[in-house]
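Owing to the predicted nature of the structure, the values given are computational and were not obtained by experimental measurement. The figures here come from the full heavy-atom set of this structure, side chains too, leaving out hydrogens, waters and symmetry mates.
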Amino acid sequence: MRTPICIALAATAFGAIALSSLPAKAERAVPLPKAVLDVPATPKPQVAVLAGGCFWGMEAVFERVKGVRGVTAGYAGGRREDANYPAVSTERTRHAEAIRIVYDPAQVSYATLLRVYFAIAHDPTQVGGQGPDRGPSYRSAIFAQSPDQAKVARAYIAQLTGAHAFARPITTRIEQGQFFPAEAEHQNFYDRNPSHPYITRWDKPKVAGFRAGFPDLARAG
C-alpha cells in the first residue's frame, strides 16, 4: 500500500522538517487564452467536478474565485464503497481526488473555471500524479456534469494544444463518474491548517500564483 505524501509524511516530526526545509517554489499562472466555446449560462447555480492532484490545494484555489459559492473535497471515478481515504490511497479504486465546485454562472463561467484549472490549479502535463504525490488518484481529469461541459472541455484542450500553450502534451482526461465527498478532516483543510508543512510548501505558492495571475477573478482578502 502506497503511503500518500500529503498526509503521512507531513504528519510525522521528520516529515514536517523534511517538507518545511524544502525551498518553496513560487507558482506562476501560465498565460492562457480565453476559451472560444463556453457552457450557456443559466439562472441557477451550476456544478463542476475537477481532479488535479491533492484536493487540498485545488479546493483552496477555487474557494477564492469570485462567483464560486462552495467547494467540496472528495473522490470521483470509482465506487461509493471505495470513496474513503484509506481505500483511495491503495491506488486500486479508480477514484481520483477531486473537488466539486458550485458556482454562479452569472459571475463566472465554466470555461473560466477551466482556464484557472489549467493555468494554476495544477499542472495538466504531468503523468502519474502531481508534484510530490504519485499514483492514479492524483491524475488530471475533468468529470463533465453535462454534454455541454464535456464539449467545452474537449474544445478548450484542443484550443490549448493548437496554441502550444504548454511545452509538453496535455494529459487531462475527460471522464465520467459520480462524486463522493471526502471525510470531514479534508474539508477546508487549507484554511484550517495554514501552517501545515504540505500547505506552506505546495499550496500557498499556488494560491498566491492564482491571485497574481487572475486579479480580476480573485476574491478580496
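Side-chain N or O atoms of Thr171 include none that pairs as donor or acceptor with a backbone N or O of Val127 at under 3.5 Å. With Lys206 contributing its side chain and Arg28 its backbone, the two residues share no donor-acceptor pair below 3.5 Å. Side-chain atoms of Gln178 do not come within 3.5 Å of backbone N or O of Arg80 as any donor-acceptor pair. Of the possible polar contacts, none joining the His95 side chain to the Val88 backbone as a donor-acceptor pair under 3.5 Å is found. A donor-acceptor pair under 3.5 Å links the side-chain atoms of Gln149 to the main chain of Gln145, judged by distance alone. Asp133 places no side-chain N or O within 3.5 Å of a backbone atom of Tyr138 that could act as its donor or acceptor partner. No side-chain donor-acceptor contact under 3.5 Å links Glu183 to the backbone of Asn84.
Put simply, Val108 and Met58 are part of the same group of oily side chains (I, L, V, M, F, W, Y) that touch within less than 4.5 Å, one to the next. With hydrophobic clusters built from ILVMFWY side chains whose heavy atoms lie under 4.5 angstrom apart, Val47 does not share a cluster with Val39. Linking ILVMFWY residues whenever their side-chain heavy atoms come closer than 4.5 Å, directly or via other members, places Tyr110 and Phe214 in the same cluster. The cluster map of Ile, Leu, Val, Met, Phe, Trp and Tyr, joined by side-chain heavy atoms under 4.5 Å apart, puts Val152 and Ile170 in the same cluster. Taking hydrophobic clusters as Ile, Leu, Val, Met, Phe, Trp and Tyr residues chained together by side-chain heavy-atom distances below 4.5 Å, Phe166 shares a cluster with Leu114.
Side-chain contact between Thr72 and Ile101: absent, with no pair of heavy atoms (C-beta onward) separated by less than 4.5 Å. Side chains of Arg69 and Gln46 form no contact here, defined as non-hydrogen atoms less than 4.5 Å apart. Residues Tyr85 and Glu185 form no side-chain contact, since every pair of their non-hydrogen atoms from C-beta on lies 4.5 Å or further apart. A heavy-atom distance below 4.5 Å is found between the side chains of Pro194 and Lys204. Side-chain contact between Tyr190 and His196: absent, with no pair of heavy atoms (C-beta onward) separated by less than 4.5 Å. The shortest side-chain heavy-atom distance between Ile174 and Ile157 falls under the 4.5 Å cut-off. For the pair Ile120/Val116, a side-chain contact is recorded, criterion being any heavy-atom separation below 4.5 Å from C-beta on.
Defined by atom type and a distance below 3.5 Å, a donor-acceptor pair is missing between the side-chain atoms of Ser109 and Tyr103. In this structure, a donor-acceptor pair under 3.5 Å is present between the side chains of Ser137 and Glu91.
Note: Tyr198 and Trp56 have perpendicular aromatic rings, judged against thresholds of 30 and 60 degrees for the angle between ring planes. Note on ring orientation: taking the six-membered ring where Trp is involved, the planes of Phe55 and His186 are tilted (angle from 30° to 60°).
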Full working for salt bridge (charged side-chain N to carboxylate O under 4.0 Å, His left out) between Lys151 and Asp148: CA-CA 5 Å; Lys151 181 178 180 181; Asp148 278 344; 6.0 Å; no
Any chance you could lay out the side chain to side chain contact (heavy atoms under 4.5 Å, CB included) test for Arg219 and Val65, step after step, and finish with the verdict? CA-CA 6 Å; Arg219 295 180 186 274; Val65 176; 6.0 Å; no
Run the side chain to side chain contact (heavy atoms under 4.5 Å, CB included) test on Leu217 and Thr112 for me, step by step, so that the C-alpha distance in whole Å, both residues' side-chain angles and the decisive distance to 0.1 Å come before the verdict. CA-CA 9 Å; Leu217 291 179; Thr112 299; 3.6 Å; yes
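Around atom CZ of Arg211, more than 12 heavy atoms belonging to other residues, nucleotides or ligands sit under 6.0 Å away. Around the CD atom of Gln176, the shell of radius 6.0 Å holds no more than 12 heavy atoms that belong to other residues, nucleotides or ligands.
A ring pair (Phe, Tyr, Trp, His ring centres under 6.0 Å) with His122 holds for exactly one of Tyr117, Phe210, Trp202; it is Tyr117. When each of Glu175, Glu97, Gln126 is paired with Arg139, the side chain to side chain contact (heavy atoms under 4.5 Å, CB included) condition holds for Glu175 and for no other.
Within the model, atoms NZ of Lys44 and CG of Asp104 stand 13.5 Å from one another, a figure rounded to the nearest 0.5 Å. To the nearest 0.5 Å, atom CG of residue Asp82 and atom CZ of residue Arg92 are 10.0 Å apart.
The shortest heavy-atom contact between Phe143 and Ala51 is CE1-CB, 4.1 Å. When all heavy atoms of Ala35 and Tyr156 are compared, the closest pair comes out as CB-CD1, 3.6 Å. What you find for Ala153 and Ile142 is that their closest heavy atoms are CB-CD1, 3.9 Å. Residues Thr125 and Arg168 approach most closely at OG1-NH2, 2.9 Å, considering heavy atoms. Minimum heavy-atom separation, Ala182 to Gln187: O-NE2, 3.1 Å. Taking every heavy atom of both residues into account, Thr172 and Ser140 meet most closely at OG1-OG, 2.6 Å.
Applying the salt bridge (charged side-chain N to carboxylate O under 4.0 Å, His left out) test to residues at least two apart or on different chains, the pairs with a partner in residues 45-67 are Arg64-Asp191.
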